[in-house]
Amino acid sequence: QVQLAESGGRLVQPGNSLKLSCKASTRAFEYYAVAWFRQTPGKEREFVAAISWGDVRIHYADSVSGRFTISKDNAKKMVFLQMNSLKSEDTAVYYCAAGLRGPGSELDSEYQYWGPGTQVIVSS
């Protein structure tokens with residue numbers, strides 16, 4: 001069983017940056033693919049970014065490519081999402097997810113473990 005806990009969400013102005021963190025409680029974190037998803041009320045959960053297990057492949061949604069950066073620290077069992085040039089449409093609850101030996105895809109079915117989420121609001 002893997003437990004995930006996100007942190008770092010808050011109110012931020014458009015154009016500014018924010019870094020989200022996700023702490024995992026598991027051994028051998030390097031065997032897990034990790035991803036960030038987001039969701040707004042009334043909409044389906046949306047893929048944001050992912051790293052495959054073994055840290056071989058990194059994948060971004062088109063909507064965040066060039067603005068967001070996902071990173072993973074296996075020793076500290078942490079996943080990060082650096083978000084730059086934030087827009088109002090980035091407002092959402094952001095979820096961290098992990099999947100054992102996953103390819104790091106945009107499919108949420110790949111990920112067995114999910115955090116409770118952290119709220120990001122981009123507004124002036």
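This structure is a prediction, so every number in the text was calculated from the model and none was measured.
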Could you tell me which non-hydrogen atom of [X] sits nearest to which non-hydrogen atom of [Y], and how far apart they are?
{"X": "Tyr95", "Y": "Pro116", "answer": "CE2-O, 3.4 Å"}
{"X": "Ser105", "Y": "Ala50", "answer": "O-CB, 4.0 Å"}
{"X": "Ala33", "Y": "Gly102", "answer": "CB-O, 3.3 Å"}
{"X": "Gly9", "Y": "Val120", "answer": "CA-CG2, 4.0 Å"}

May I ask you to decide if [Y]'s main-chain N or O and [X]'s side chain share a donor-acceptor pair within less than 3.5 Å?
{"X": "Arg67", "Y": "Ser85", "value": "yes"}
{"X": "Gln112", "Y": "Leu100", "value": "yes"}
{"X": "Gln119", "Y": "Ala92", "value": "yes"}
{"X": "Thr91", "Y": "Ile121", "value": "no"}
{"X": "Arg57", "Y": "Trp53", "value": "no"}

Does CD belonging to Glu89 count more than 12 external heavy atoms closer than 6.0 Å?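 It does: Glu89 CD has more than 12 such atoms within range.
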Hey, is OH on Tyr31 packed in by over 12 heavy atoms from elsewhere, all under 6.0 Å?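 Open: at most 12 neighbouring heavy atoms sit under 6.0 Å from OH of Tyr31.
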[Y] side chain reached by [X] side chain, heavy atoms, under 4.5 Å:
{"X": "Ser65", "Y": "His59", "value": "no"}
{"X": "Val79", "Y": "Phe29", "value": "yes"}
{"X": "Trp36", "Y": "Val64", "value": "no"}
{"X": "Phe80", "Y": "Thr69", "value": "no"}
{"X": "Tyr113", "Y": "Gln1", "value": "yes"}

Run the side chain to side chain contact (heavy atoms under 4.5 Å, CB included) test on Glu46 and Ser63 for me, step by step, so that the C-alpha distance in whole Å, both residues' side-chain angles and the decisive distance to 0.1 Å come before the verdict. CA-CA 10 Å; Glu46 175 189 19; Ser63 59; 3.7 Å; yes
Nearest-0.5 Å distance, [atom1] of residue [X] to [atom2] of residue [Y]:
{"X": "Lys77", "Y": "Tyr32", "atom1": "NZ", "atom2": "OH", "answer": "10.5 Å"}
{"X": "Gln39", "Y": "Tyr94", "atom1": "CD", "atom2": "OH", "answer": "12.0 Å"}
{"X": "Ser52", "Y": "Glu110", "atom1": "OG", "atom2": "CD", "answer": "9.0 Å"}
{"X": "Ser71", "Y": "Ile51", "atom1": "OG", "atom2": "CD1", "answer": "6.0 Å"}

Begin with the C-alpha distance, continue with both residues' side-chain angles, and end with the deciding distance and a verdict on side chain to side chain contact (heavy atoms under 4.5 Å, CB included) for Asn74 and Asp55. CA-CA 9 Å; Asn74 290 320; Asp55 304 342; 2.9 Å; yes
Between Ile70, Leu20, Leu81, which is the residue that forms a side chain to side chain contact (heavy atoms under 4.5 Å, CB included) with Val48?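 Only one of Ile70, Leu20, Leu81 forms a side chain to side chain contact (heavy atoms under 4.5 Å, CB included) with Val48, namely Leu81.
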Could you tell me which residues satisfy ring-ring contact (aromatic ring centres under 6.0 Å, His included) with Tyr111, sequence neighbours excluded, listed by chain and number?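 Scan of Tyr111 (ring-ring contact (aromatic ring centres under 6.0 Å, His included), adjacent residues dropped) gives Phe37.
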Going through the checks in order, is the side chain to side chain contact (heavy atoms under 4.5 Å, CB included) test met by Phe68 and Leu86? CA-CA 9 Å; Phe68 290 11; Leu86 282 162; 3.9 Å; yes
Going by the side-chain hydrogen bond (donor to acceptor under 3.5 Å, both in side chains) test, which pairs reach into residues 2-30, not counting sequence neighbours?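 For residues 2-30, and leaving out neighbouring residues, the side-chain hydrogen bond (donor to acceptor under 3.5 Å, both in side chains) pairs sorted by first residue read Ser17-Asn84.
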Should Tyr60 and Val34 be counted in the same cluster of Ile, Leu, Val, Met, Phe, Trp and Tyr side chains packed under 4.5 Å apart?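 In one cluster: yes.
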Begin with the C-alpha distance, continue with both residues' side-chain angles, and end with the deciding distance and a verdict on side chain to side chain contact (heavy atoms under 4.5 Å, CB included) for Trp114 and Asp108. CA-CA 10 Å; Trp114 294 80; Asp108 56 7; 3.6 Å; yes
